[in-house]
Amino acid sequence: MATLEQINSAFPAFFPAAFFMFGACVGSFLNVCILRIPAGRSIVRPGSRCACGKPIAWFDNIPILGWILLRGRARCCGRKISPRYPLVEFLTAAVFCSMWILLPPASAGVGMLFASILIFCTFVDIDTMSLPDFATVGGALLAVAASALFPDIHGARIEGAPFFASSVASIVSSVCGLAVGSGILYWMRLGGEIAFGREAMGEGDVILVGMIGAFCGWQGALFAVFGGSLIGAAAMVPLVALRAAFSKGKKSGKKPRNSPSEDASDSAPDAIPYGPWLALGGLAYYMFFSKPVDAYFGGVAGLLFK
Ligand SMILES: [Zn+2]
């Protein structure tokens, strides 16, 4: 690790910049996955193509920069290119770079994997209102495997004990997070169904929180559900207000959020995916809030079991 530290001290910006660029490339790949996997198309072949069918040259396909240099229009036919592509690339780049700056190397590396899965799930959920099992179930399995290899991500390293012991402790943390996360959401979903008489959230959300728990431990799963809901609620207030202001409808303001839309004038879909808020909560915990949240739960447990 001496060389790594030498590079870090000589060029402090080297690794953050390298991980920003790496993240932008991963984001570019995520764009391809988000677009093609739900449509059942190969992510390998054919190469990137414009909507008009012409292949995109490598220099127009450079993450973030390509879109900026083209000013959001395809070179071949002038079609508008959605700003979501550079946005996903920039988001992934910024998250990777921040992971490296904020966390120790092993946690940062696992965090990059975690963030990639969450970003994929978020945009697929926005597009299709469903979460593919291979990403959520597969992500949970990857999380358990990563926990076995890197016990530090759960703070499960036991000093002086053989690696095997830390590894087992870490797997227990991960599986516990998986069970608590999916368990809470399962009961919330059941409660919602009884209260509202219809499906309030999907089964995909249940598995998603299980996966978040497998990466973050049970505290992270709890934070994702409650923190994510808070962030979601805070973001929904201005969105719902904006929609109410623009629709100038008969029943202003007090419309229940998830009511099926009766008037055709309301073009925006009424169902709002829950997955993106859960993902945001999970990522926020992993990157920023694991220490204070764990300390909080530790304090609560201390009061209860003194
Ligand atoms: Zn074109």
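First listed ligand is number 1; within each ligand, the first listed atom is number 1.
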Taking only residues two or more places apart in sequence, or in another chain, which ones meet Arg79 in a salt bridge (charged side-chain N to carboxylate O under 4.0 Å, His left out)?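 Arg79 satisfies salt bridge (charged side-chain N to carboxylate O under 4.0 Å, His left out) with no other residue.
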Side-chain donor-acceptor pairs under 3.5 Å in residues 177-193, sequence neighbours left out?
| unit_1 | atom_1 | unit_2 | atom_2 | d |
| --- | --- | --- | --- | --- |
| Ser182 | OG | Leu178 | O | 2.5 |
| Arg189 | NE | Met201 | O | 2.9 |
| Arg189 | NH2 | Glu199 | OE2 | 3.1 |

Taking side chain as C-beta onward, heavy atoms only, is Asp205 less than 4.5 Å from Leu278?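 SC-SC contact between Asp205 and Leu278 confirmed.
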Is there side-chain contact between Phe96 and Ser116, with at least one heavy-atom pair below 4.5 Å?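 A side-chain contact exists here, since the closest heavy-atom pair is under 4.5 Å.
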Check: Ser229/Tyr274 side-chain N/O donor and acceptor closer than 3.5 Å: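 A donor-acceptor contact under 3.5 Å links the two side chains.
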Could you enumerate the protein N, O or S atoms under 2.8 Å from the Zn ion (ligand 1), written like residue then atom name?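 Cys50 SG, Cys52 SG, Cys76 SG, Cys77 SG, with waters left out.
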Just distance, no hydrogens or angles: give the donor-acceptor pairs under 3.5 Å from side chains in residues 42-50, sequence neighbours left out.
| unit_1 | atom_1 | unit_2 | atom_2 | d |
| --- | --- | --- | --- | --- |
| Ser42 | OG | Val44 | N | 3.0 |
| Ser42 | OG | Arg45 | N | 3.1 |
| Ser42 | OG | Arg45 | O | 3.3 |
| Ser48 | OG | Asn61 | ND2 | 3.0 |
| Arg49 | NH1 | Gly53 | O | 3.1 |

